[in-house]
Amino acid sequence: MPQENENVFIAESQSLDVDEQQKKDILDVIESCSSFQETIKQLEEKNLIWYFIGPLRKDEDITGQINLKWEKEFQKFEQSINETHREFEASLPNQNFLAYSTKDDDFKIRFENEEKPIEISNILRASSEGKVYNISLGKDSQITATKKGSERHYDFTGSSSCEMTINWQAKDSEGNSIDCSMTVKLDSGGIQSVIGEPKFGGITSSEEVLKLVGQNKEVFINRKTLYQAFTDIGQDMDSLEPTQDLSSQLPTPSSSGIPLLAHLLHVEVLYPPAVNLVMKMKYLRMICLVMKKSMSKKD
């Protein structure tokens, strides 16, 4: 039986290209701060922390200046970085990453830009409850991953996005085990779209597919179950405007007298496979919007 897991692919470059400006900025922060804790906080706020613990960690000018002010604190911090890295290596084999922690049970991780996914659920499986993992997506963005019992929670903040592949086991209406898998685009607003063709064991019925999604009780995205996050795609009706192509395909309910059932059948004919489930959901919402506007004009 395949293991349930979540893998993240970060499309945005995570490379740390160092130049003299980053080094100067770090030296300026060290010079201006009155404590080591304040230095780390300032480096985080200025998005310099990954340069400090990564490519510039052994820079003689930086280590020399920081050792003059806080040698013991810096040595303790370096020891913590090494211990944190060793802790994650077991659950993240063959992954290149930076990691550090400034307080108990709260970790920050940045993966190097590679053409392979991050096995994010492995981190949580090896974790004890209460630990928090902040995974950088670049700039101001991150995934905060936590474990709550058997649940795996992923909260997204910032302006960047990433792709997540979610794999789980479910039962169809006849009790057969189904291997389910789908890749979605995620950002701070939740699931924005489904990428490629999701796999539901050959099941194409929208109703059955939603039942399979609903059986995933472990994955939470931005505090919502996978089912809630999935069915929320395109939820904001007031922000939608029917396109010329789409609205032209819809009979106008007020003029044709065609009941809603006919519209639903039209959707089933236009978008039969389960791979287009999200399109069907958006299409249904568009129908509702057209009907709403039609009835408003009639009034």
Side-chain angles (χ1 to χ4, degrees), residues 8-120 122-123 126-127 131-145 156-162 188:
V8 169
F9 180 78
I10 303 173
E12 185 171 327
S13 175
Q14 297 290 292
S15 61
L16 292 171
D17 299 323
V18 181
D19 58 32
E20 286 301 311
Q21 187 60 51
Q22 278 96 19
K23 179 177 177 178
K24 178 181 181 301
D25 291 342
I26 290 173
L27 289 170
D28 288 345
V29 170
I30 296 171
E31 180 65 29
S32 65
C33 290
S34 58
S35 70
F36 183 72
Q37 290 76 14
E38 182 187 356
T39 300
I40 297 300
K41 184 178 180 181
Q42 286 291 319
L43 291 174
E44 288 178 335
E45 291 177 354
K46 296 178 182 293
N47 293 318
L48 294 169
I49 187 66
W50 298 112
Y51 295 96
F52 177 66
I53 71 167
L56 292 175
R57 181 176 168 189
K58 300 299 183 181
D59 183 90
E60 292 182 357
D61 294 329
I62 290 175
T63 56
Q65 184 168 330
I66 204 164
N67 280 327
L68 284 175
K69 302 182 74 172
W70 309 293
E71 183 175 4
K72 290 183 178 180
E73 291 92 333
F74 182 52
Q75 288 177 352
K76 186 177 179 180
F77 184 61
E78 280 201 302
Q79 182 180 354
S80 172
I81 291 174
N82 293 333
E83 291 173 353
T84 300
H85 199 277
R86 283 195 296 270
E87 179 179 339
F88 289 140
E89 278 182 327
S91 55
L92 295 169
N94 304 316
Q95 297 272 6
N96 295 320
F97 61 91
L98 299 171
Y100 73 100
S101 176
T102 56
K103 57 184 178 180
D104 292 342
D105 297 334
D106 193 300
F107 303 91
K108 301 182 187 299
I109 312 170
R110 182 187 181 102
F111 291 85
E112 290 189 6
N113 191 43
E114 298 177 344
E115 294 299 322
K116 61 182 178 181
I118 302 161
E119 298 174 348
I120 189 171
N122 286 359
I123 300 174
S127 168
K131 291 187 176 181
V132 178
Y133 303 92
N134 303 288
I135 300 169
S136 173
L137 298 178
K139 298 179 181 178
D140 63 337
S141 305
Q142 69 177 23
I143 306 170
T144 299
F156 296 76
T157 56
S159 57
S160 297
S161 64
C162 68
S188 59

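All values reported here derive from a predicted model rather than from experimental measurement. These values consider heavy atoms only, across backbone and side chains, with no hydrogens, waters or symmetry-generated copies. The first residue of the sequence shown is numbered 1, and numbering continues consecutively from there.
In terms of heavy atoms, Asn134 sits closest to Thr144 at OD1-OG1, 3.1 Å. In terms of heavy atoms, Phe77 sits closest to Thr102 at CE1-CG2, 4.4 Å. Nearest heavy atoms, Ala99 versus Trp50: N-CZ3, 4.3 Å. Closest approach of Ser160 to Ser141, counting heavy atoms only: N-OG, 2.7 Å. When all heavy atoms are compared, the tightest approach of Ser91 to Ala126 is CB-CB, 4.0 Å. The two atoms that bring Arg57 and Ile81 nearest to each other are NH1-CG2, 3.4 Å, heavy atoms only.
Side chain of Gln95 to backbone of Phe111: no donor-acceptor contact under 3.5 angstrom is found. Under the 3.5 Å distance criterion, the side-chain polar atoms of Ser127 are left unmatched by any main-chain donor or acceptor of Ile123. Between the Gln75 side chain and the Lys72 main chain, no donor and acceptor come within less than 3.5 Å of each other.
Annotation: side chain to side chain donor-acceptor pair (under 3.5 Å) contacts of Asp61 (sequence neighbours excluded): Lys23. For Gln21, the side chain to side chain donor-acceptor pair (under 3.5 Å) criterion is met by Asp25, not counting sequence neighbours.
Considering CG of Asn47 and CG of Asp140, their distance stands at 7.5 Å, rounded to 0.5 Å. Taken from CD1 in Ile49 to OG in Ser136, the straight-line distance is 11.5 Å, to the nearest 0.5 Å. Of the inter-residue distances, the one linking Thr157 atom OG1 with Leu137 atom CG reads 8.0 Å to the nearest 0.5 angstrom. Of the inter-residue distances, the one linking Tyr51 atom OH with Asp19 atom CG reads 7.5 Å to the nearest 0.5 angstrom. Atom CD of residue Gln22 and atom CZ of residue Phe52 lie 14.5 Å apart, to the nearest 0.5 angstrom. Between Gln42 atom CD and Ile26 atom CD1 the span is 13.0 Å, to the nearest 0.5 Å.
Counting non-hydrogen atoms of other residues, nucleotides and ligands closer than 6.0 Å to CD of Glu60 gives a total of 12 or fewer. Other residues, nucleotides and ligands contribute only 12 or fewer heavy atoms inside 6.0 Å of the NZ atom of Lys41.
Note: Phe107 and Phe88 have perpendicular aromatic rings, judged against thresholds of 30 and 60 degrees for the angle between ring planes.
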For this session: Begin with the C-alpha distance, continue with both residues' side-chain angles, and end with the deciding distance and a verdict on side chain to side chain contact (heavy atoms under 4.5 Å, CB included) for Val132 and Asp105.
Result: CA-CA 6 Å; Val132 178; Asp105 297 334; over 6 Å; no
For this session: Would you sort out whether Gln142 and Tyr133 count as a side chain to side chain contact (heavy atoms under 4.5 Å, CB included), showing the intermediate values?
Result: CA-CA 10 Å; Gln142 69 177 23; Tyr133 303 92; over 6 Å; no
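Ion pairing between a basic and an acidic side chain is recognised when a charged N comes within 4.0 Å of a carboxylate O; Glu31 and Lys24 show no such pairing.
A heavy-atom distance below 4.5 Å is not found between the side chains of Ile135 and Val8.
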Taking distance alone, no hydrogens or angles, what donor-acceptor pairs closer than 3.5 Å link side-chain atoms of residues 32-40 to residues at least two apart or in another chain?
{"unit_1": "Ser32", "atom_1": "OG", "unit_2": "Asp28", "atom_2": "O", "d": "3.2"}
{"unit_1": "Ser32", "atom_1": "OG", "unit_2": "Val29", "atom_2": "O", "d": "3.1"}
{"unit_1": "Ser34", "atom_1": "OG", "unit_2": "Glu38", "atom_2": "OE1", "d": "2.9"}
{"unit_1": "Ser35", "atom_1": "OG", "unit_2": "Glu38", "atom_2": "N", "d": "3.1"}
{"unit_1": "Glu38", "atom_1": "OE1", "unit_2": "Ser34", "atom_2": "N", "d": "3.1"}
{"unit_1": "Thr39", "atom_1": "OG1", "unit_2": "Ser35", "atom_2": "O", "d": "2.9"}

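Here the rule is side chain to side chain donor-acceptor pair (under 3.5 Å) with Tyr100, and of Glu44, Glu83, Glu78 only Glu44 fits it.
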